[in-house]
Amino acid sequence: MLIARVVGSAVATIKADSLRGVKLLVVRSATPADELVGEPFVAVDAVGAGQGELVLVARGSAGRQTGPTQDAPIDAVIMAILDSLEVAGDVTFRKS
Amino acid sequence: MLIARVVGSAVATIKADSLRGVKLLVVRSATPADELVGEPFVAVDAVGAGQGELVLVARGSAGRQTGPTQDAPIDAVIMAILDSLEVAGDVTFRKS
Amino acid sequence: MLIARVVGSAVATIKADSLRGVKLLVVRSATPADELVGEPFVAVDAVGAGQGELVLVARGSAGRQTGPTQDAPIDAVIMAILDSLEVAGDVTFRKS
Amino acid sequence: MLIARVVGSAVATIKADSLRGVKLLVVRSATPADELVGEPFVAVDAVGAGQGELVLVARGSAGRQTGPTQDAPIDAVIMAILDSLEVAGDVTFRKS
Amino acid sequence: MLIARVVGSAVATIKADSLRGVKLLVVRSATPADELVGEPFVAVDAVGAGQGELVLVARGSAGRQTGPTQDAPIDAVIMAILDSLEVAGDVTFRKS
């Protein structure tokens, strides 16, 4: 799963019916030290993520494996909010 | 999902039977500020998107999760038309 | 779906049983103006595409959504032959 | 499947229900000679992999084909711990 | 499907149960003229491919569409051994 930061939000009134009520957030992939690296894209929020939070994003058909996204044309879902990341013995990120 | 702009259309008379009647649009990925960045590719339109509109494109098996694309050899579908995008507190795009 | 040109063909006698009789074509992704850009790869032809034709290729599980490719270890299928492409109001390709 | 090294771990209290109890490890893709090359990402551990081990990671829907990850929003799973790798007749890696 | 050459093999005693008995080969993507271009990765062999052979690799969920790989956490399978490749009228590869 992609380490990513929530950087914004998207609004779309005209959308596939199965997307009624889903929350669309703009995310960018980030390093374990919370530095932004990737291009922005949009994911459905399935866990109540807030702006600026470091999260995990599952892509592809995994995007449909949560309550709000089942059978929907979704290829990216926020499925976890990170408390901490440790790499090579160092804590590179801890949720403030 | 990919932020993309509708930049054109494609016509194909000879195609898989399950594609009868689907609308094929040419799209390019774009930044949240609506600048084109990606290579053109083709997606099925499931929401009535028009030329020049900023949309969301779901790819992979998600492409088959809308009425017109079920069980069809489709790996990209336009599943939302963006009203607005906000990044880092700034509204980077608003549908005119 | 990928805009691609048929650039060749592949022959494989030893292959998964479910691939008996399928036609394997070499394709390369192309711009809407029919210029080759991508690395060659192999796709199953599901619509009778010929050498040099500009086609649409669906990848991933979409590759299995046509008669000849159902339940086969296939991740790319030619599912349409392009008549024309229009981008930003200009016809960039028309089948000769 | 990706050759990758386990380089760290991730903790997320708030996550999709189906992820209760899964172990989240940070991995980076590596060469057959165990040199790190890729960006860090997170995979579920399905085989008891330890820090620093060279493993195989399956991505996409394959991520859901193990006991702990079934029907979960998971797109990457560690499904093997490498004993050895041989390339062009040379043993490029052997588990110490 | 990816044109690739078998360049080595991988051994993993500790692995997901569904992988018992599968043959793990190291492959690298190649040009139609059999020049290596891609990063090494591991695929399951479903057709008895040998070292140095030019093969076709299907990735993603297609990896599970062969007897040995059904329902296994596999995202890449060797599903054909190439006899020959022809591009732009030239035979670029013929199995010796």
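In what follows, chains carry the letters A, B, and so on, assigned in the order in which the sequence lines appear, proteins first and then strands, with residues in each chain numbered from 1.
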(request) Considering only heavy atoms and a distance below 4.5 Å, find which of A/Val27, A/Asp75, A/Val7 pairs most often with chain B. (result) A/Asp75
(message) A side-chain contact here means heavy atoms from C-beta on lying under 4.5 Å apart; do A/Leu24 and B/Met1 qualify?
(response) yes
(request) Just give me the residue among A/Pro40, A/Gly8, A/Pro73 that pairs up with chain B most often, heavy atom to heavy atom, under 4.5 Å. (result) A/Pro73
(request) Against chain B, label A/Ala10 side chain, backbone, both or neither, depending on which of its atoms sit under 4.5 Å from a heavy atom there. (result) both
(request) State, yes or no, whether a side-chain contact exists between B/Lys95 and A/Ile14 at a heavy-atom distance under 4.5 Å. (result) yes
(message) Counting heavy-atom pairs under 4.5 Å with chain B, which one of A/Val26, A/Leu25, A/Leu19, A/Thr13 comes out on top?
(response) A/Thr13
(request) Could you have a look at B/Leu82, B/Ile3, B/Thr69 and say which one has the most heavy-atom pairs with chain A under 4.5 angstrom? (result) B/Leu82
(message) What part of A/Ala76 gets within 4.5 angstrom of chain B, counting heavy atoms only: side chain, backbone, both, or neither?
(response) both
(request) For each of B/Gly48, B/Ala58, B/Gly67, tally heavy-atom pairs with chain A at distances under 4.5 Å, and name the one with the top tally. (result) B/Ala58
(request) Give, as side chain, backbone, both or neither, the part of B/Val55 having an atom under 4.5 angstrom from any heavy atom of chain A. (result) neither
(message) Given heavy-atom pairs under 4.5 angstrom as the criterion, report whether the side chain, backbone, both or neither of B/Leu85 touches chain A.
(response) both
(request) Begin with the C-alpha distance, continue with both residues' side-chain angles, and end with the deciding distance and a verdict on side-chain contact (heavy atoms from CB on, under 4.5 Å) for B/Ser29 and A/Glu39. (result) CA-CA 10 Å; B/Ser29 63; A/Glu39 288 300 319; over 6 Å; no
(request) With a 4.5 angstrom heavy-atom cut-off, could you sort out which part of B/Ile81 is near chain A: side chain, backbone, both or neither? (result) both
(message) Can you tell me how far apart OG1 (B/Thr66) and CG (A/Asp17) are? Round to the nearest 0.5 Å.
(response) 10.0 Å
